[in-house]
Amino acid sequence: MASLVSSPFTLPITKADQKQLFLHSFLPKKLTTTNKSVLRVSAAIGNGLFTQTTPEVRRIVPDNIQGLPTVKIVYVVLEAQYQSSLSAAVRELNSKNRNASFEVVGYLVEELRDESTYKTFCKDLEDANVFIGSLIFVEELAQKIKSAVEKERDRLDAVLVFPSMPEVMRLNKLGSFSMSQLGQSKSPFFQLFKRKKQSSAGFADSMLKLVRTLPKVLKYLPSDKAQDARLYILSLQFWLGGSPENLQNFLKMISGSYVPALKGTTIEYAEPVLFLDSGIWHPLAPCMYDDVKEYLNWYGTRRDANEKLKDPKAPVIGLILQRSHIVTGDESHYVAVIMELEARGAKVIPIFAGGLDFSGPVERFLVDPISKKPFVNSVVSLTGFALVGGPARQDHPRAIEALMKLNVPYIVALPLVFQTTEEWLNSTLGLHPIQVALQVALPELDGGMEPIVFSGRDPRTGKEITCSSQEGGAALHKSDSMSSWTNKRLAITVFSFPPDKGNVGTAAYLNVFSSIFSVLKDLQKDGYNVEGLPETSEALIEDILHDKEAQFSSPNLNIAYKMGIREYQNLTPYASALEESWGKPPGNLNTDGENLLVYGKQYGNVFIGVQPTFGYEGDPMRLLFSKSASPHHGFAAYYSFVEKIFKADAVLHFGTHGSLEFMPGKQVGMSDVCYPDSLIGNVPNVYYYAANNPSEATIAKRRSYANTISYLTPPAENAGLYKGLKQLSELISSYQSLKDTGRGPQIVSSIISTAKQCNLDKDVSLPEEGEELSAKERDLVVGKVYSKIMEIESRLLPCGLHVIGEPPSALEAVATLVNIAALDRPEEEISSLPAILAATVGRNIEDVYRGSDKGILKDVELLRQITEASRGAITAFVEKTTNKKGQVVDVSDKLSSIFGFGVNEPWVDYLSSTKFYNADRNKLRKLFGFLGECLKLVVADNELGSLKQALEGSYVEPGPGGDPIRNPKVLPTGKNIHALDPQAIPTTAAMQSAKVVVSRLLERQKVENGGKYPETVALVLWGTDNIKTYGESLAQVLWMIGVMPVADTFGRVNKVEPVSLEELGRPRIDVVVNCSGVFRDLFINQMNLIDSAVKMVAELDEPEDQNYVKKHATEQAKTLGIGVREAATRVFSNASGSYSSNINLAVENSSWNDEKQLQDMYLSRKSFAFDCDAPGAGMTEKRQVFEMALSTADATFQNLDSSEISLTDVSHYFDSDPTNLVQNLRKDGKKPSAYIADTTTANAQVRTLSETVRLDARTKLLNPKWYEGMLSSGYEGVREIEKRLTNTVGWSATSGQVDNWVYEEANSTFIEDEAMLNRLMNTNPNSFRKLVQTFLEANGRGYWDTSAENIEKLRQLYSEVEDKIEGIDR
């Protein structure tokens, strides 16, 4: 298991540390094979749910020979820790047989998903006397429990519900005491549920305070009501006290007081034995402590302590435990972790709390009150819950505040809650989705890391059993108290994708080698040993690629280590498991035929290594059939070298992203046979990740245990205009000033011919040259062309590549601020700058956007003026806060002087000379106050600081990832990046945006489809997009089928309701949803939501011409001979643990024969369905249903939601595009319309795919501003240009929507221009060769029709650059 760069100490590696595949010793013998694929394929058994445990193991039926009255108790709990304690209490009561016999049966909340179990539960309630519920927080199950108990509530003698959702709490009934008013202001318990302004873990802690004080007060009140309330509070005390004795007395008290058959019988019971609410507990200590000094005194006098524990320098680990496990006696998993840590020489301070807020105990017991320094070197939470709020409502700011005071690494390990150990081991999904939401996603928001499963559940007794001795390793690993952290060994890992020397150091938006150089220089300043580091980043590139002649004379990278086969097998315990996929080592990748080769170079204590690639990029058959495949021997050898030969104290994965975290294994909750877990071993993993990619960062966090530190994407700039586009802009200006003179028609005909030369006739319908036009028609033509070039000019693009530790200059920040200012922020009562300016001239900005889109000349012109005024006002504001070098200085001081009195604000000064001089000053002041805060964040730099914190074993502050324009809280970068609570989406705002986009999409399709709605839309859901937009594309799917999400009391979305056809005003559109592998991993709850929504809609009693979901599902059910629910399967993705359709790999490596082969790849890898009726079964192959559903698609659809990633920037978009495939599947062979929604600006657009590809080409690949920006980064810049061209070919292959002129213009820009050609060839010959090859391939595959001279020149160039690379001088 990965571990932390945590506390400053080193421990000897014991045998237990050696990686063994020991977890599977629990399983029947046939599963203990090392052949991993056997373990991966197994899905959930039985009912397709996550747990097959049965309430029968919790049923006790008394013999009752003496004919005593029987009291039947039915209980439902979240976790099983009460099972053994309650069973022991009932057995003890029955053995005494004094007044009554007790029958008991218990259910775990999760078991009630199973219909037959739920029926048994309802049956059990029919003759029960007492119902008990606790911690019921899963909404759909809470509803089931509520409806079952409600039916019996009046008949039951007592209903006791302890902290749960309000609707379940309202079931409480004890004599005259009830909570039916709960949640209404007149209820005394209302206060417990109110959202409090001050930080608190909600009602559970308020309840605990009541529990302590109320019984004393109520004792003296005469009324029955007060006595009943007192007994409820006593019940809660007994329950929270959890021991068998407490539960015996609890059952005696309730049955004696409320069961009619026992009326008149005096049943003696003792008062509850109270345990501390929070304190320190150790299995060997004589008592619980509520004073850390007393505990440490006891610890220091222990006679059983080994020598290592007596060492004053021994590391100290803080453990956070759940009180209920301690008091119920279900604590063997805690004992095991404590003993393991102590055996390895670490002292422990195990703290617990009874409520759901652990932040107080953390501050009280783990921080020295006098010195304010922590007592501990790292903290491990064994509860699995968020630090504040447990499974209910969380308070992350409060948790972060407490953890910042501690400033040590914070690990959240996982006890299995909803599955038994065996069920988890056999599952391809790993952890249950509800547990992922509650116990992985929420702790990540606190900065929790390393979600290692450390204990499982015994299906018989319900007790927790330890299943990972590695948890100790995770808290304890590698750092040295004797020496400073500057002596640590660091393995920096870079990526090379696709495999080629020209691609070494691939990472999204990052200049990798300049960044590594900057990081190492900084570490060197702090005394870090980087002996032999070259003087420049260029020299560093040459060193890694080989020697001085690297770029030309050698096909190989620098070899850092040769690993013999025997050594490899000794160092890599799982090596034999890789042979099924790759044969005997060394195989044919990263090898010289005898040894496995590790590429890279060492400088002092730093090794810079190149991560091997997946390995099957070049093999079309493997790409086609590998549902998922193991890493190859070279990949495994690399990580064995890093951990066991170089002996890294930490590995730093440099940039977004590598392949380690995407290797096969469980989706979340790795076991020791999952490849990411095996590969990372025990090495702490720090990972620089792009701030705008929280979804893949989260995969790295969960599957490779990474501390993900965000870096900034390059500052965005406006694309601007060039060549013919610039000329067009000038012609339009002349037209506006001269249109009423006789020159108007002449200028319009120049505009038309120039627009055609620029290929704008594909985007704007232009009249024939020389055609007579009226003045109105002329205005409309000019307006449409103007609107198009404005769209090109103002499109945002990241220029150049980011270097770690180099924040943007102030002027580079202007475009970012302009875009931040363009969005309304109603939650902060901030109006957008365009809206404020439009209002000044009496217009609504939305109307201006609409008019401009239609090409109405005056609206296009007004929008241009608003855009210019916005840029000018913000530039004036930024200039006020910069020095002569253009750097932002003392932002806070400068801002306070601007916001002082008597000075005209710079934006007001600027606007006073425009038509917007009258703009609302209060709104402007509020907006610029907000922009001032954003400017501070944009220029702040903590990327290097956070890396050092991680290496020192300090806490790195967590923060959201996403788009800084939508959510400035993403800044400053250098945070431990996290996603969001997966149950919080889609938000209401996302739903609003989705409605706008869906109506524009359907309107556009109607216009292009003879006035008919599309019957089916095939679309893609991406992880990152849904995090950035809080679920907009997810909301689009729901709105297409005509349903609305419904949030529960805690704002979590787990169910939907249909919108009536009248309200919808159109038919329900069928959907085929292709989820990316990352979306599948992060948002399985939402897949459940969509699947249940589609199936619900398919079963509605509605006419088929108004409900296309029903129409198609009914037809498909008949054809396939299956039920309508199964035929309505619409949510697809890869098999669990596998990612992408591999079309991108095939295109990038040119390893495909024809388009049919690409389509087969898509179908074979993407046809795995999610089924809400059997969520535990994981992803099951349903290719027939998938093909039939796709064959009805009239349109394909994807979303673009932030400016820095567009269609040709990454290969993911075409990898998921089914446009050509749908055409082949449709009976009529008709090509579906392909659309892209662009919500990157406030003016959301729905364009066709071909329009978007053209826009992309004009603003990036063919735009001098973009390619010069890239080339300023040198070696990496050439690769970026080549990548855009390759991705363009990808679009030709999957959709056929790329115009010939795009390739023609690219050829004249990069190949016909002799100076440019030489620059590219000399800067990165390997990437230039790939560029030339891609041009030849585009022509060879029929995507680019060009002259024979062009092709001949490209062939010659190819031979020339090939010779140069091979070092041949002809």
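- Using a 4.5 Å heavy-atom threshold, the side chains of Glu363 and Leu406 count as separate.
- In this structure, CZ in Phe454 is found 12.0 Å from CD1 in Ile411, a value given to the nearest 0.5 Å.
- Under the side-chain contact (heavy atoms from CB on, under 4.5 Å) test applied with Ile320, the options Val412, Ile349, Val362 reduce to a single match, Val362.
- When each of Ser235, Pro272, Ser255 is checked for a side-chain contact (heavy atoms from CB on, under 4.5 Å) with Phe250, only Ser235 meets the rule.
- Without hydrogens or angle criteria, Asn377 side chain to Val316 main chain gives a donor-acceptor distance under 3.5 Å.
- Interatomic distance, Leu414 CG to Phe385 CZ, rounded to the nearest 0.5 Å: 10.5 Å.
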Check against side chain to side chain contact (heavy atoms under 4.5 Å, CB included), Val292 and Arg364
CA-CA 8 Å; Val292 65; Arg364 210 161 78 242; over 6 Å; no
With side chain to side chain contact (heavy atoms under 4.5 Å, CB included) as the test, would you mind laying out the steps for Ser87 and Ile60 before giving the verdict?
CA-CA 7 Å; Ser87 301; Ile60 298 174; 3.8 Å; yes
List the atom pairs, with distances to 0.1 Å, where a side-chain N or O of residues 76-84 and a protein N or O form a donor-acceptor pair under 3.5 Å, not counting sequence neighbours.
from	atom 1	to	atom 2	distance (Å)
Glu79	OE2	Gln322	NE2	3.2
Gln81	NE2	Ser324	OG	2.6
Tyr82	OH	Trp239	O	2.5
Gln83	OE1	Arg58	NE	3.0
Gln83	NE2	Arg460	O	2.8
Gln83	NE2	Thr461	O	3.1

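- The aromatic rings of Tyr295 and His282 lie tilted to each other, with the angle between the two planes from 30° to 60°.
- Closest of all the heavy-atom pairs between Asp291 and Phe365 is N-CE2, 4.4 Å.
- Contact of the Leu416 side chain with the Val453 side chain is registered, since non-hydrogen atoms from C-beta on lie closer than 4.5 Å.
- The distance from atom CD of Gln248 to atom CZ of Phe102, rounded to the nearest 0.5 Å, is 9.5 Å.
- Between Glu342 and Arg302 a salt bridge is recorded (basic side-chain N to carboxylate O distance below 4.0 Å).
- When atom types are taken as modelled, the side chain of Lys701 and the backbone of Pro451 share no donor-acceptor pair closer than 3.5 angstrom.
- Using a 4.5 Å cut-off on side-chain heavy atoms (C-beta onward), Leu160 and Tyr75 make no contact.
- If you take CG on Leu93 and NZ on Lys252, they are separated by 6.5 Å, rounding to the nearest 0.5 Å.
- Side-chain contact between Val367 and Phe375: absent, with no pair of heavy atoms (C-beta onward) separated by less than 4.5 Å.
- By the 4.5 Å heavy-atom criterion applied to side chains, Asp458 and Thr420 are not counted as neighbours.
- A salt bridge does not link Asp311 to Lys313: none of the charged nitrogens lies less than 4.0 Å from a carboxylate oxygen.
- Residue Leu382 comes nearest to Ala413 through the heavy atom pair CD2-CB, 4.0 Å, listed as atom of the first residue, atom of the second, then distance.
- The closest side-chain heavy-atom distance from Leu431 to Gln419 is below 4.5 Å.
- The backbone N or O of Ile465 lies less than 3.5 Å from no partner atom in the side chain of Ser332, so there is not a single donor-acceptor pair.
- Counting only distance, with no hydrogens or angles, the side chain of Glu103 and the backbone of Ile73 share no donor-acceptor pair below 3.5 Å.
- Under a cutoff of 6.0 Å and an axis angle of 45°, Arg703 and Tyr705 do not form a cation-pi pair.
- Of all non-hydrogen atoms in Ser85 and Leu247, the two that sit nearest each other are OG-CD1, 3.6 Å.
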Starting from the C-alpha separation in whole Å, work towards a yes-or-no answer on side chain to side chain contact (heavy atoms under 4.5 Å, CB included) for Ser381 and Phe358.
CA-CA 10 Å; Ser381 167; Phe358 292 92; over 6 Å; no
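- Checked by atom type, the side-chain pair Tyr107/Asp124 shows a donor-acceptor distance below 3.5 Å.
- Closest approach of Leu438 to Leu442, counting heavy atoms only: O-CB, 3.6 Å.
- Under the 3.5 Å distance criterion, with hydrogens and angles disregarded, a donor-acceptor pair is assigned to the side chains of Ser704 and Asn685.
- If you check the side chains of Ser243 and Glu245, you find a donor sitting under 3.5 Å from an acceptor.
- Put simply, the side chain of Val376 does not reach to within 4.5 Å of the side chain of Ile317, judged on heavy atoms.
- For the residue pair Glu111/Thr117, the side-chain donor-acceptor check at 3.5 Å is not satisfied.
- Without hydrogens or angle criteria, Ser164 side chain to Phe162 main chain gives a donor-acceptor distance under 3.5 Å.
- No hydrogens or angles considered: nothing links the side chains of Glu464 and His325 as a donor-acceptor pair under 3.5 Å.
- For Pro283 against Ile338, the heavy-atom pair with the smallest separation is CD-CD1, 3.7 Å.
- With values rounded to the nearest 0.5 angstrom, Leu276 atom CG is found 10.0 Å from Ile326 atom CD1.
- A heavy-atom distance below 4.5 Å is not found between the side chains of Val273 and Phe238.
- Side chain of Asn94 to backbone of Ser101: no donor-acceptor contact under 3.5 angstrom is found.
- Between Asp330 and Thr328, the side chains place no donor N or O within less than 3.5 Å of an acceptor N or O (distance only, hydrogens not considered).
- Arg702 pairs with exactly one of Glu444, Glu450, Gln667 by the side-chain hydrogen bond (donor to acceptor under 3.5 Å, both in side chains) rule, that one being Glu444.
- Atom-to-atom distance recorded for Leu387:CG and Ser359:OG is 6.0 Å, nearest 0.5 angstrom.
- Closest approach of Ala314 and Lys347 over heavy atoms only: CB-CE, 4.1 Å.
- For the 3.5 Å distance criterion, the side chains of Ser278 and Arg323 fail to qualify, holding no donor opposite an acceptor.
- Tested against Pro55, the residues Leu108, Val105, Leu112 include a single side-chain contact (heavy atoms from CB on, under 4.5 Å) partner, Val105.
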Could you go through the side chain to side chain contact (heavy atoms under 4.5 Å, CB included) check for Leu319 and Ile351 one step at a time?
CA-CA 6 Å; Leu319 296 176; Ile351 67 171; over 6 Å; no
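- Distance alone, capped at 3.5 Å, is enough to place a donor-acceptor pair between the Lys666 side chain and the Ser427 backbone.
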